[in-house]
Amino acid sequence: MSSRSRSAELYERALEILPGGVSRNTVLRKPHPLYADYAKGCRVTDIEGVERIDFANNMASLIHGHANPEVVHAVTEQLSRGTAFTLATEVEIRYAEHIVGRNDGFDKIRFVNSGTEAVMGMLKAARAFTGRHKIAKIEGSYHGLYDYAEISQTADPSNWGLDASPEAVPVAFGTPPAVLADVVVIPFNDPERAIAILEKHKGQLAGIIVDPLPHRVGLIPASAEFVSALREWATNDGSLLLFDEVITFRSEYGGAQEWYDVHPDLTAMGKMIGGGFPVGAIAGRAEVMDVMNPLAETVLFPHSGTFSANPVTMTAGLVTMELYDRDAVARVNSLAERAVEGINRAIEGTGASACVTGGGSMFRVHMKDHPPRNYREAFATPEESRRLHLLLDHLFDAGFIMINTCSATTSTAMGEAEVDALVEAMSEGLKKVRTSSLQGGHKTSASED
Ligand SMILES: Cc1ncc(COP(=O)(O)O)c(C=O)c1O
């Protein structure tokens, strides 16, 4: 793209006033981000007039694609009636009833404004309920910006420690040492090692937070064996099992937790349940949720938020989730399955060193011969990163927006034609990657372990 493009000009202005020129690092691209003009369904047009098929869906937050007519209609009506009041609204109750009705394990729910806030609220609720302050989390998993939830999310071979006892590695400079001391890091899908670590903190943990399909850990589903082991250990210990379903609630009608025989005590949600607007929610067992009950004699966890449950988000969320019925869930999941099958065929056909992981309506391409089993295996070497970026650039130029880890989500706004087009572009991209590796891409320096 010419340096005189409108996007380039806008970015020059942005650099003057926004650190790095953006408010969210996710939209950064080199040499500059592209700026959206408008979008409809599964297609986004940037301000240069280029249209692309959107497999990122604002980081897995748009289940019906862009500008769904029913959502637009309902929200427009609500906008003209007011956007935020210091009064409760009926739509909050209707939406709460809808979400709670989707999952037997949800007795009560509270709405907040982001996934970060939902996770933070969930962890604080667990502490208030148990009277304990430590939490356990899976190495590498992303749960948003809360200090405790982000520990180890960017751990690398230089600091992650032994397989059997992962280090608590801070993300932000200045993270209080007390936070590191209160976060216990466990390896993914390794019940034996995880339980051995948890045992050392018996009686001290408020909860164990688990994303059932953690994106940064490799987008591999948590095994039933792993989840059951954590459930059993937490129950015996008096700590809580906490699910982060900010992304994965899309996977089944009542969330990815339907994959397991056991229930978490609390679940954090966000992204798609806002129907395109900022949202978060905490739901679960009444007894635990009641730590937020302002009518209690002693309120264990006072909880509030100026824009929580605002009627615009509640309206968009309710319409979106009513449209996301069991048939719609099955349809987006089968589109993702079709994509994974097609990409696997492309990998085989091109002989590229790549693999694909995923679950529900999400999938992720790795530049590795075998699907990784945990964060350490999913961690990309510099050579794998180089190849991945080559593939991502190819896909972008071919008209596809992916999540920057080469992950993708399907939406109800797309069909088999869009999925097949992505597979076709992926096949061409993998050929390019393979040729580049044969021609001089340097050898990967073994595994990062
Ligand atoms: C699993 C998970 N939890 C929490 C969050 C944080 O959500 P938000 O960006 O809305 O704060 C994210 C965001 O990507 C996420 O993927």
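Both ligands and their constituent atoms are indexed starting at 1 by order of listing.
- Both tests pass for Arg29 against the ring of Phe396: distance under 6.0 Å to the centre and angle within 45° of the axis.
- The environment of CD in Glu51 is crowded: more than 12 heavy-atom neighbours from other residues, nucleotides or ligands sit within 6.0 Å.
- At least one side-chain heavy atom of Pro264 sits less than 4.5 Å from a side-chain heavy atom of Thr267.
- Contacts of Arg338 classified as salt bridge (Lys or Arg N to Asp or Glu O under 4.0 Å), with partners at least two apart in sequence or in another chain: Glu416, Asp420.
- Electrostatic pairing of Arg43 and Glu418 counts as a salt bridge here, judged by a charged N lying under 4.0 Å from a carboxylate O.
- Ligand 1 lies under 4.0 Å from heavy atoms of Ser114, Gly115, Thr116, Tyr142, His143, Gly144, Asp211, Asp244, Val246, Ile247, Lys271.
- The shortest distance between side-chain heavy atoms of Thr405 and Leu219 does not fall below 4.5 Å.
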